[in-house]
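By convention in this document, chain letters (A, B, ...) are assigned in the order of the sequence lines, proteins followed by strands, and residues within each chain are numbered from 1.
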There are 2 protein chains.
Amino acid sequence: MTPPPARKSRAADTGLTPSAISALAGELRLACMRISRRVRFESTHVVAPHQFSVLCRLEDAPRTPGELAEIEKVSAPSMTRTVGALVERGLVERTDDPSDRRQVILSLTPDAVSLLKEIRRKRDAWMSVRVSHLTPQEQEILQQASAILTRVANE
Amino acid sequence: MTPPPARKSRAADTGLTPSAISALAGELRLACMRISRRVRFESTHVVAPHQFSVLCRLEDAPRTPGELAEIEKVSAPSMTRTVGALVERGLVERTDDPSDRRQVILSLTPDAVSLLKEIRRKRDAWMSVRVSHLTPQEQEILQQASAILTRVANE
DNA sequence: TATTGTTATACTCTATAACTATA
DNA sequence: TATAGTTATAGAGTATAACAATA
């Protein structure tokens with residue numbers, strides 16, 4: 001869903017001063033990066049970051065090695081290796097493309113699906129514990145902020 | 001305008017339901033990780049992530065290789081190598097510890113100090129642009145949220 | 001001939017084990 | 001003998017270049 005555009009910068013009237021915006025941006029960025037880092041550290045390291053990323057891409061839709069390499073901004077040989085490791089671990093499946101036999105279709109195995117679910121559960125758990133320890137007022141603020149941050153992250 | 005995202009009304013002193021907390025935590029975590037990723041991609045890759053991390057530690061205070069290895073959770077030989085590269089690039093300086101000649105004190109050079117400043121400036125710029133495009137009301141919410149998130153990230 | 005994917009080779013970051021020098 | 005740091009060697013991930021199969 002596309003929420004009403006908040007693209008107009010009418011900050012000149014009632015918003016923050018440029019230096020206040022700069023300070024806020026710096027603080028927010030740092031907080032996000034620290035939380036991100038903590039979450040990554042907490043959650044189990046059953047798959048390496050680059051492998052996890054590839055699994056997430058394949059969760060959206062089956063893809064070819066070439067597509068994955070482009071999306072992940074790595075070379076084709078590198079993706080060949082990464083995919084090879086995932087296939088060996090039984091997390092990714094290779095299928096020949098019947099329409100173009102040069103291509104290979106990669107998809108997740110059921111094991112990978114449940115592994116992703118489990119990793120996300122652990123990551124959310126870390127955050128959940130911390131959110132639950134906040135006051136109702138703070139939770140209220142974060143709920144409003146969450147929608148804004150999500151929009152910022154995706155734009 | 002504050003987009004009212006189907007938010008359940010709650011009793012003032014009870015806070016969110018467990019499932020609402022879980023949903024909020026998941027959304028917040030994801031937003032933070034995406035923003036973190038975007039920021040890292042945007043900012044120049046003049047130093048590798050592990051090198052940047054070490055430089056930040058040394059910014060707080062001069063340290064020994066052993067301390068750095070423990071803080072960064074890498075092996076001592078690995079830290080020797082990382083530090084070696086930084087010394088070669090003129091970003092870190094070695095000094096013998098006069099009280100215990102087995103130890104080495106590592107500290108930042110002036111070049112490193114200005115490099116860190118420049119990297120942060122670029123990272124903040126990415127976030128600043130996005131914050132400045134929000135409405136004053138949204139900026140207000142983020143300002144309150146920022147303090148809470150910072151506390152969560154550091155606890 | 002162009003494209004998809006793999007193999008060949010090299011470089012970097014990481015780790016464990018062995019070594020040097022101080023304490 | 002124990003500790004701080006380095007070197008030796010090996011295991012992954014990444015890259016570029018060369019190759020095989022298919023279009």
Side-chain angles (χ1 to χ4, degrees), chain A residues 37 40-41 43-58 61-108 112 115 119, chain B residues 37 40-41 43-58 61-108 112 115 119:
Chain A
R37 183 183 160 86
R40 251 183 296 116
F41 256 75
S43 67
T44 53
H45 297 183
V46 287
V47 290
H50 66 287
Q51 294 177 329
F52 180 72
S53 194
V54 164
L55 292 179
C56 290
R57 299 300 185 176
L58 290 179
R63 294 178 199 280
T64 65
E67 283 170 349
L68 285 175
E70 189 179 352
I71 293 172
E72 294 292 315
K73 299 189 191 341
V74 296
S75 66
S78 187
M79 188 51 70
T80 292
R81 193 184 185 85
T82 298
V83 166
L86 291 172
V87 169
E88 239 178 70
R89 285 190 54 177
L91 297 173
V92 166
E93 225 168 17
R94 281 191 170 98
T95 319
D96 288 336
D97 184 340
S99 69
D100 182 343
R101 294 213 328 261
R102 291 173 306 182
Q103 290 194 129
V104 180
I105 310 292
L106 303 169
S107 57
L108 296 186
L115 180 64
I119 290 173
Chain B
R37 183 183 161 85
R40 252 183 296 117
F41 256 76
S43 66
T44 53
H45 297 181
V46 287
V47 291
H50 65 288
Q51 294 178 329
F52 180 72
S53 194
V54 164
L55 291 179
C56 289
R57 300 300 185 177
L58 290 179
R63 296 179 196 280
T64 65
E67 283 170 348
L68 285 175
E70 190 180 351
I71 293 173
E72 293 292 315
K73 299 189 189 348
V74 297
S75 66
S78 187
M79 188 51 70
T80 293
R81 190 181 187 87
T82 298
V83 167
L86 290 172
V87 169
E88 238 177 72
R89 286 191 53 178
L91 297 172
V92 165
E93 223 167 19
R94 281 192 169 97
T95 320
D96 288 337
D97 184 340
S99 68
D100 182 343
R101 294 212 329 261
R102 293 173 305 181
Q103 290 193 130
V104 180
I105 309 292
L106 303 170
S107 57
L108 295 186
L115 180 64
I119 290 174

Among the nucleotides D/dG13, D/dA4, C/dG5, which one has an atom lying closest to any side-chain atom of B/Gln103?
->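 My answer, after comparing the listed nucleotides, is D/dA4.
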
Taking the side chain of B/His50 as its heavy atoms from C-beta onward, which of D/dG13, C/dC13, C/dG5 lies nearest to it?
->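 Nearest to the side-chain atoms of B/His50, counting from C-beta on, is C/dC13.
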
To check you understand the geometry: which heavy-atom pair defines the closest contact between [X] and [Y], and what is its length?
{"X": "B/Ser75", "Y": "B/Ala69", "value": "O-CB, 4.0 Å"}
{"X": "A/Asp97", "Y": "A/Gln103", "value": "OD2-NE2, 3.2 Å"}
{"X": "B/Leu91", "Y": "B/Ala112", "value": "O-CB, 3.2 Å"}
{"X": "A/Arg89", "Y": "A/Val46", "value": "NH1-O, 2.9 Å"}
{"X": "B/Arg57", "Y": "B/Arg63", "value": "O-NE, 3.3 Å"}

For the pair made of [atom1] in [X] and [atom2] in [N], what is the distance, rounded to whole Å?
{"X": "A/Arg63", "N": "C/dT4", "atom1": "CZ", "atom2": "P", "result": "16 Å"}
{"X": "A/Phe52", "N": "D/dG13", "atom1": "CZ", "atom2": "C1'", "result": "19 Å"}
{"X": "A/Glu72", "N": "D/dA15", "atom1": "CD", "atom2": "P", "result": "11 Å"}
{"X": "A/Glu67", "N": "C/dT3", "atom1": "CD", "atom2": "P", "result": "16 Å"}
{"X": "A/Asp96", "N": "D/dA23", "atom1": "CG", "atom2": "P", "result": "11 Å"}
{"X": "A/Glu70", "N": "C/dT3", "atom1": "CD", "atom2": "C1'", "result": "14 Å"}
{"X": "A/Arg81", "N": "C/dA8", "atom1": "CZ", "atom2": "P", "result": "12 Å"}
{"X": "B/Leu86", "N": "C/dT12", "atom1": "CG", "atom2": "P", "result": "14 Å"}

Step by step, work out the side-chain contact (heavy atoms from CB on, under 4.5 Å) result for B/Leu58 and B/Leu86.
-> CA-CA 12 Å; B/Leu58 290 179; B/Leu86 290 172; 5.8 Å; no

Side-chain N or O of A/Thr80 closer than 4.0 Å to phosphate OP1/OP2 of D/dG13 =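 For D/dG13, OP1/OP2 do not have a side-chain N/O of A/Thr80 under 4.0 Å.
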
Are any side-chain N or O atoms of B/Ser53 and backbone N or O atoms of B/Pro49, one a donor and one an acceptor, separated by less than 3.5 Å?
->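 Such a contact is absent between B/Ser53 side chain and B/Pro49 backbone.
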
Annotated protein contacts, base or backbone, on nucleotides 15-23 of chain C with a non-hydrogen cut-off under 4.0 Å, one of B, S, - each = BBB---BBS

